[in-house]
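Since the structure comes first, as structure tokens, the remarks are kept for the end.
Each chain gets a letter, A, B and so on, in the order the sequences are listed, and its residues count up from 1.
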There are 2 protein chains.
Amino acid sequence: MTAQPIRVLLVDDQPLLRTGFRMILEAESDIAVVGESGDGEQAVADARALQPDVVLMDIRMPRVDGVQATRQITGAARETTPRVLVLTTFDLDEYVVEALRAGASGFLLKDVPAEDLVTAIRTVSRGDAVVAPSITRRLLDMFASRFPATDSPTPANLAHLTDREREVLTLVARGYSNAEIAAELVVSETTVKTHVGNVLTKLGLRDRVQAAVYAYESGLVQPGAL
Amino acid sequence: MTAQPIRVLLVDDQPLLRTGFRMILEAESDIAVVGESGDGEQAVADARALQPDVVLMDIRMPRVDGVQATRQITGAARETTPRVLVLTTFDLDEYVVEALRAGASGFLLKDVPAEDLVTAIRTVSRGDAVVAPSITRRLLDMFASRFPATDSPTPANLAHLTDREREVLTLVARGYSNAEIAAELVVSETTVKTHVGNVLTKLGLRDRVQAAVYAYESGLVQPGAL
DNA sequence: TGCGCCCTCCACCGGCAGGAGGATCCGCGC
DNA sequence: GCGCGGATCCTCCTGCCGGTGGAGGGCGCA
């Protein structure tokens, strides 16, 4: 695959498991196990010293757990940040989400077939991500529940707004006053008030606070887009 | 694998592509292509009539596009909802997210190796999900950026609020007036105004609209939780 | 050409919001 | 006991917001 073999660091508190993985991986000509770490703290140090391409990381470990170790490894601002492939015994959501935030490039269950493991390592080393199917399912579900909005891209009422009104609404939802919106759109404050009034009437809302809430709830604006 | 073969419906506006996929799939003994649809509208009808286990759905199509068709197929409240495996030519985020919301069980790029395609169909038919590695990468990135929450559970400033103030803030973020909040909390409106004033001062905001926005942006309240 | 929709702007007015300033009560820690 | 912070309540005042009513200009469609 590559001229240089993929450098892998094994991190697990069970030596037996590390040995098992090592045997699987060393059977592949393009993969080289460059080290083993027994806990998170050592893993962080080893990752720094050995500069592996991929870190195979158990999530449950003494001292520093896998999530924290992942955070520290991926957080290190270096040229070549190792990719972290997380191993979980159970597909617990909490760990998955945490590790994700920590910057992991993938998740596998420990009962992964040897073949899939090596494939996953190659995938991750390329910069792509890999997630066990059963975990993917949950991820997608969480994702879908997070973004339920577009089912009604324009919740009926939103469609009744003119472009200008929708534009004003988004600015209201940023916390702008009428005067600020007027300045932003280069029109008079009176005009802004007209638009805001129309929005409130059309959406059946009372004041601009409810309009801002509506903007978020309808998906017109989304958290983080600020 | 199963006694009954996996029933697959092919949806793509290019007949040539359908034929190609059909040839690949029919070489597998546990997979049966039960139909082909040339556009989204027909796909919805076929899915209803043929009751496939898996729908292989192109995203770009005339009339009704793949996202809409997916929504209608997965949205149909029936015993056995077909799993939808979406095919994209490019790994465009927009389509992926849209299809996700629509209830798709997976995403593959059209240049997927034949072997991976059949594996994916088997995975999806089991109820698991499958996503092409390059797309997974993006999904994880979006995920991580979407849930920065735990890193700063309380964006510093939020922590400075008292319980009562935080309570008032969440009600402000629901679009409640001071009078309504007073009624809800069974205190006088004056008290509410005091709390709101404290919140604005502590968070460095100007008015309740900005407070509502802050509540959403900080994650104190979340869309859909209404 | 005329109708309708949208964007633009104005004046007037009532109301709620938010700031200033001060006050009481309670619980907690020194 | 005393101080401190939080929750509760009050008045006065200013200002922005939102409602009402009206008006002109541009653009598309019948």
Side-chain angles (χ1 to χ4, degrees), chain A residues 152-221 226, chain B residues 153-218 220-221 226:
Chain A
S152 43
T154 45
N157 292 333
L158 248 185
H160 297 153
L161 298 183
T162 66
D163 291 341
R164 200 56 158 175
E165 285 161 358
R166 221 171 295 118
E167 196 177 358
V168 170
L169 177 53
T170 62
L171 293 176
V172 168
R174 286 178 122 83
Y176 285 29
S177 70
N178 287 338
E180 287 168 343
I181 296 174
E184 177 78 21
L185 299 182
V186 201
V187 294
S188 81
E189 190 176 339
T190 308
T191 303
V192 174
K193 293 177 80 170
T194 303
H195 289 316
V196 172
N198 288 337
V199 169
L200 297 180
T201 303
K202 288 185 179 179
L203 299 181
L205 305 174
R206 185 187 15 171
D207 52 43
R208 62 201 298 106
V209 187
Q210 294 190 346
V213 172
Y214 185 93
Y216 275 97
E217 293 295 334
S218 69
L220 210 210
V221 303
L226 206 97
Chain B
T154 45
N157 290 334
L158 248 186
H160 297 154
L161 299 183
T162 67
D163 291 342
R164 200 55 158 176
E165 285 160 358
R166 223 171 293 117
E167 196 176 359
V168 169
L169 176 53
T170 63
L171 293 176
V172 168
R174 287 179 119 86
Y176 285 28
S177 70
N178 287 337
E180 287 168 343
I181 295 174
E184 178 77 21
L185 300 182
V186 202
V187 295
S188 82
E189 189 176 338
T190 308
T191 303
V192 175
K193 293 179 78 168
T194 304
H195 289 315
V196 172
N198 288 338
V199 169
L200 296 181
T201 302
K202 288 184 179 178
L203 299 181
L205 305 174
R206 185 187 4 156
D207 53 41
R208 61 201 301 108
V209 187
Q210 294 190 346
V213 172
Y214 184 93
Y216 275 97
E217 293 294 334
S218 68
L220 211 211
V221 302
L226 207 91

C/dC16 C1' sits how many Å from B/Glu180 CD, rounded? 12 Å

Can you measure from NE2 (B/His195) to CG (B/Leu185) and round to the nearest 0.5 angstrom? 7.5 Å

Contacts under 3.5 Å, N or O only, protein and nucleotides 5-10 of chain D:
residue : atom : partner  : partner atom : Å
D/dA7   : OP1  : B/Thr162 : OG1          : 3.2
D/dA7   : OP1  : B/Arg164 : N            : 3.3
D/dA7   : OP2  : B/Thr162 : OG1          : 2.6
D/dT8   : OP1  : B/Arg164 : NE           : 3.3
D/dT8   : OP1  : B/Arg164 : NH2          : 2.7
D/dT8   : OP2  : B/Arg164 : NE           : 3.1
D/dT8   : OP2  : B/His195 : NE2          : 2.7
D/dC9   : OP2  : B/Ser188 : N            : 2.4
D/dC9   : OP2  : B/Ser188 : OG           : 3.3
D/dC9   : OP2  : B/Thr191 : OG1          : 2.7
D/dC9   : O5'  : B/Ser188 : OG           : 3.3
D/dC9   : O5'  : B/Thr191 : OG1          : 3.4
D/dC9   : N4   : B/Thr194 : OG1          : 3.3

Determine: side-chain N/O of A/Asn178 to OP1/OP2 of D/dC17, distance under 4.0 Å, yes or no. yes

Rounding to an integer number of Å, can you tell me how far B/Asp207 CG sits from C/dC16 P? 17 Å

Distance check, rounded to the nearest 0.5 Å: B/Arg166 atom CZ versus B/Leu171 atom CG? 13.5 Å

Assess whether salt bridge (Lys or Arg N to Asp or Glu O under 4.0 Å) is satisfied between B/Arg174 and B/Glu184, documenting all intermediate values. CA-CA 12 Å; B/Arg174 287 179 119 86; B/Glu184 178 77 21; over 6 Å; no

So which heavy atom on B/Leu200 is nearest to which on B/Ala211, and how close? CD2-CB, 4.0 Å

Quickly work out the A/Arg208 CZ to D/dG15 P distance and round it to whole Å. 18 Å

If I take atom CG from residue B/Leu169 and atom OG from residue B/Ser218, how far apart are they, to the nearest 0.5 angstrom? 7.0 Å

I need a per-nucleotide contact map over nucleotides 24-30 of chain D, read 5' to 3'. Cutoff is protein heavy atoms under 4.0 Å; write B for the base, S for backbone only, - otherwise. -------

Measure the distance from NZ on A/Lys193 to P on C/dA11 and round it to the nearest whole Å. 11 Å

From CG of A/Leu200 over to P of D/dC16, roughly how many Å is that when rounded to an integer? 18 Å

Nearest 0.5 Å, please: how far is OG in A/Ser188 from NZ in A/Lys193? 10.0 Å

Integer-rounded Å distance: C/dG19 C1' and B/Arg206 CZ: 15 Å

Let me know the distance between OH of B/Tyr176 and P of C/dC16, rounded to the nearest Å. 18 Å

Is there side-chain contact between B/Leu203 and B/Gln210, with at least one heavy-atom pair below 4.5 Å? no

Can you find a pair of side-chain heavy atoms, one from A/Val168 and one from A/Asn198, that are under 4.5 Å apart? no

Heavy-atom closest pair (B/Val221 atom, B/Ala173 atom, distance to 0.1 Å) is CG2-CB, 4.0 Å

Value in whole Å for how far the C1' atom of D/dC16 lies from CD1 of A/Ile181: 12 Å

